[in-house]
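Counting convention: from 1, in listed order, for ligands and their atoms alike. Because only heavy atoms are used, hydrogens play no part in the values below, and waters and symmetry mates are left out as well, while side chains stay in.
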Amino acid sequence: MVKSIKKASLPLIGSLHQFTEIDVVEVRERLLKWYDANHRVLPWRSIAAIEPDRSKRAYAVLVSEIMLQQTQVSTVIGYFDTWMKKWPTVEDLASATLEEVNQIWAGLGYYSRARRLHEGAVKIVKELNGEFPNDRDSLIHQLPGVGRYSGSAVASIALGCAVGVVDGNVNRVLARVRGIGADINIQSTTEHMWSLADKIVDPERPGDFNQAIMELGATVCSPKTPACGSCPLRLHCVAYQKSENQQEKSSISSHFKKFSEKVTLSEISDIECLADCDLCLRKEDWDVSLGVQNYPRKAQKTQSRQESSAVIILRNKIDKMLLVQRPRTGLLANLWEFPSIALSENGAQDKDVTEELVSQFSLPHTAASSRTFVSDVIHIFSHIRQTYKVFLISLSGEKKLTWPSRYQGGQWMTKEEFLASATSTAMKKVFKSMEISEQKCTNKKKKLNNEDNSSEAKKQKTISHFFTAAPKKKIP
Ligand code: SF4
Ligand SMILES: [Zn+2]
C-alpha cells in the first residue's frame, strides 16, 4: 500500500542510475581531457571562446543553437556564416525584416525558428535595452522560442552558468552511462536526465563540458556504431559493462556446454539494481545482439500522416512563374510557393483540380486544357508525408495578377528571383522536377531530330547512289 503511493508520486530509482561523488570528479576530468584533444572547430565555438562582449557571444550561440535544432552541423556551418555576416549583432537582426530573415533561412526548414529568433532580437533591443537575459530561467521566460535545451546551452556556453544540457546526444550518452532503460519521452525519465546533466556539469568549464558530452554523443557514442574502445567514459558506463558481462557469460556458457558440464548463468556477476526500479531496462527487453545499443530504449514510432495536393507552375510568356505567399501563421508561415490545392484522400478531386485553380486565379479557361503533368514529388515534413502532383501551364497572353484570399500576396518571378526568395525545400523540389522534365523533353527532341537527320542522310545517299555512274572498267 505504502509502495503504491510512493510510485504514484515519485519514480523508484536505484543508485545505479545516479552519479557517485567519485564518478562526478572522474567523468568531468576524463571528458574535458578528451574534448580538449578531439573537439571539432566550429565557427560559433570560436566566437564563444574569444568574443569579450557577452551579448555578442550569447547572440552567436543562440543563433547556432536554434539552427542546430533539427539540422545537421555540416549544413548549419554555411548558414551560420552567411547569417553572421549579414547580421553580426542582435541589433542588426532586430532591424531586418521578416522577409529578409526568411530568405536567409530558406532551405533550413522549420521556419517558425527563424521567426522566433527575429522576434527575440526585436524584444532584446526594444524591451531589454539590448542586453541578453543573465541566466537559464530568464532566457527561457523572456525570449520566444527558447526552451529548456537552448536556454541551458546559451547560459552555459556563452554566459558561463553551471547548468547541464540535455539533447538527443546527451540523452543517449547518459542513458548508456547510467543504464537507463525507461522510455526517455516520459516526464519522470526526462526529469531524471536533467538532474543528472545538472549534477555532472563542470562548474569551472560548464560550456566546454556541455559541448564535450554532446560531441561525445555525436562522434563516439553514436546511435548505431558506438566506439566504446576509444571512449573516455568506458569505465563509468553501465551499458558497456553490462554488454561485456553478457559476452563473458555467453562464452563461458558455450565453453562448458562443449564439455557437457552444467553452469548457472546467475553465478556470473551481473549489474544489479532495485528489484522494481522504474529506470532499469526490463530483463525481457534486453537483446544480447544489440549490446550497448539496448540503451536508450527505442520510442514507439508514430505513423506519419499522408497528404497530397496538386501544384501548378504557371508560367507567363516572358518565362516568369506565379508565386503566392502563405499566411502569416501556421505551417511554413510567410513562405512563397506555387499555387496549390489539397486533394481529397481518394483522389476524387484530381481530375478537376486544375479547373478549380484556373477559376481561383481567374485564368483563361483554355489554360486548364493546356496543362501538362510534370511528376509526383514527395516531401517529408515532421509528421506529414506530402505528395505533390505537379502540373505546368504555360500562358500565351497577358495575365492580370489575382490570387485567392487564403494567400497574403502574389508575384511573377524569374527563376533567379524564385531561388533567392523565402521558399521551402519542398517548393524547390517541385521546381527541380519541372526542370528535369523539360530537360528530358529537350533531349528526346534532339534524339528524334538526330534520328530524322540520319535517316534523311541515308535516303539522300541511296538516291545519289542511284544516279552515280558505274565505275569505268579498266581496259587491260
Ligand atoms: S562506453 Fe560505449 S556506450 Fe558507454 S558511453 Fe562510451 S561509447 Fe557510449
Ligand atoms: Zn534501476
Side-chain angles (χ1 to χ4, degrees), residues 3 6-7 10-20 22-40 164-184 186-193 195-197 199-202 209-248 266 269-298:
K3 195 169 150 195
K6 195 178 167 196
K7 278 196 96 162
L10 277 175
L12 193 61
I13 296 171
S15 59
L16 181 71
H17 313 298
Q18 307 281 2
F19 286 115
T20 64
I22 297 171
D23 281 332
V24 170
V25 174
E26 291 184 359
V27 165
R28 284 175 185 166
E29 199 184 308
R30 292 197 163 121
L31 200 50
L32 283 168
K33 196 173 163 198
W34 172 84
Y35 181 71
D36 289 340
N38 297 287
H39 71 266
R40 292 171 290 180
V165 292
V166 177
D167 70 346
N169 286 323
V170 177
N171 258 330
R172 185 168 56 258
V173 173
L174 291 178
R176 289 175 178 173
V177 169
R178 290 295 85 205
I180 295 162
D183 186 343
I184 48 174
I186 61 172
Q187 180 75 8
S188 53
T189 320
T190 306
E191 288 310 320
H192 186 68
M193 293 303 195
S195 76
L196 285 177
K199 179 162 188 186
I200 198 72
V201 67
D202 188 314
F209 183 89
N210 284 339
Q211 291 183 90
I213 194 164
M214 290 191 274
E215 184 102 338
L216 188 84
T219 58
V220 175
C221 191
S222 62
K224 294 201 175 130
T225 51
C228 301
S230 54
C231 177
L233 303 187
R234 207 166 58 243
L235 297 179
H236 303 272
C237 184
V238 169
Y240 178 72
Q241 288 163 23
K242 199 167 168 179
S243 164
E244 290 286 291
N245 279 4
Q246 287 290 337
Q247 281 179 13
E248 208 178 315
S266 57
S269 69
D270 203 350
I271 299 162
E272 297 294 344
C273 195
L274 295 177
D276 48 1
C277 166
D278 284 329
L279 291 184
C280 268
L281 187 72
R282 289 181 313 200
K283 278 210 164 95
E284 61 273 26
D285 287 341
W286 176 263
D287 179 345
V288 183
S289 67
L290 288 178
V292 298
Q293 291 174 63
N294 278 289
Y295 301 97
R297 200 168 102 192
K298 308 283 169 292

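- Those atoms of ligand 1 with a heavy atom of Cys228 less than 4.0 angstrom away are 1 (S), 2 (Fe), 3 (S), 7 (S).
- The distance from ligand 1 to the heavy atoms of Arg176 drops below 4.0 Å at these ligand atoms: 3 (S).
- Proximity of a side-chain donor or acceptor of Arg30 to a complementary backbone N or O of Leu235 within less than 3.5 Å is not detected.
- Protein heavy atom nearest atom 6 (Fe) of ligand 1, with residue, atom name and distance: Cys231 SG, 2.3 Å.
- Given atom 8 (Fe) of ligand 1, the protein heavy atom at minimum distance is Cys221 SG, 2.4 Å.
- Numbered from 1 in the order shown, with element, the atoms of ligand 1 that lie under 4.0 Å from a heavy atom of Cys237 read 1 (S), 3 (S), 4 (Fe), 5 (S).
- Every atom of ligand 1 is numbered from 1 in the order shown, and the set under 4.0 Å from a heavy atom of Val177 is 5 (S).
- One distance of note links CG of Asn210 with CD1 of Ile200; it measures 11.0 Å at 0.5 Å rounding.
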For salt bridge (charged side-chain N to carboxylate O under 4.0 Å, His left out), just list the numbers for Asp36 and Lys33, CA-CA rounded to whole Å, side-chain angles, deciding distance to a tenth of an Å, and then say yes or no.
CA-CA 5 Å; Asp36 289 340; Lys33 196 173 163 198; over 6 Å; no
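- At distances below 3.5 Å, at least one donor-acceptor pair connects side-chain atoms of Arg172 with backbone N or O atoms of Gly217.
- Contact atoms of ligand 1 toward Val292: 3 (S) (distance under 4.0 Å to a heavy atom of the residue).
- Atoms OH and CG, on Tyr35 and Asp202 in that order, are 13.0 Å from each other to the nearest 0.5 Å.
- Other residues, nucleotides and ligands contribute at most 12 non-hydrogen atoms within 6.0 Å of the CD atom of Glu29.
- Considering the Zn ion (ligand 2) as centre, the angle to SG of Cys280 and to SG of Cys277 is 120° (10° rounding).
- Side chain of Arg297 to backbone of Ala182: no donor-acceptor contact under 3.5 angstrom is found.
- The heavy atom nearest to atom 1 (S) of ligand 1, considering only Arg234, Gln293, Glu244, is found in Arg234.
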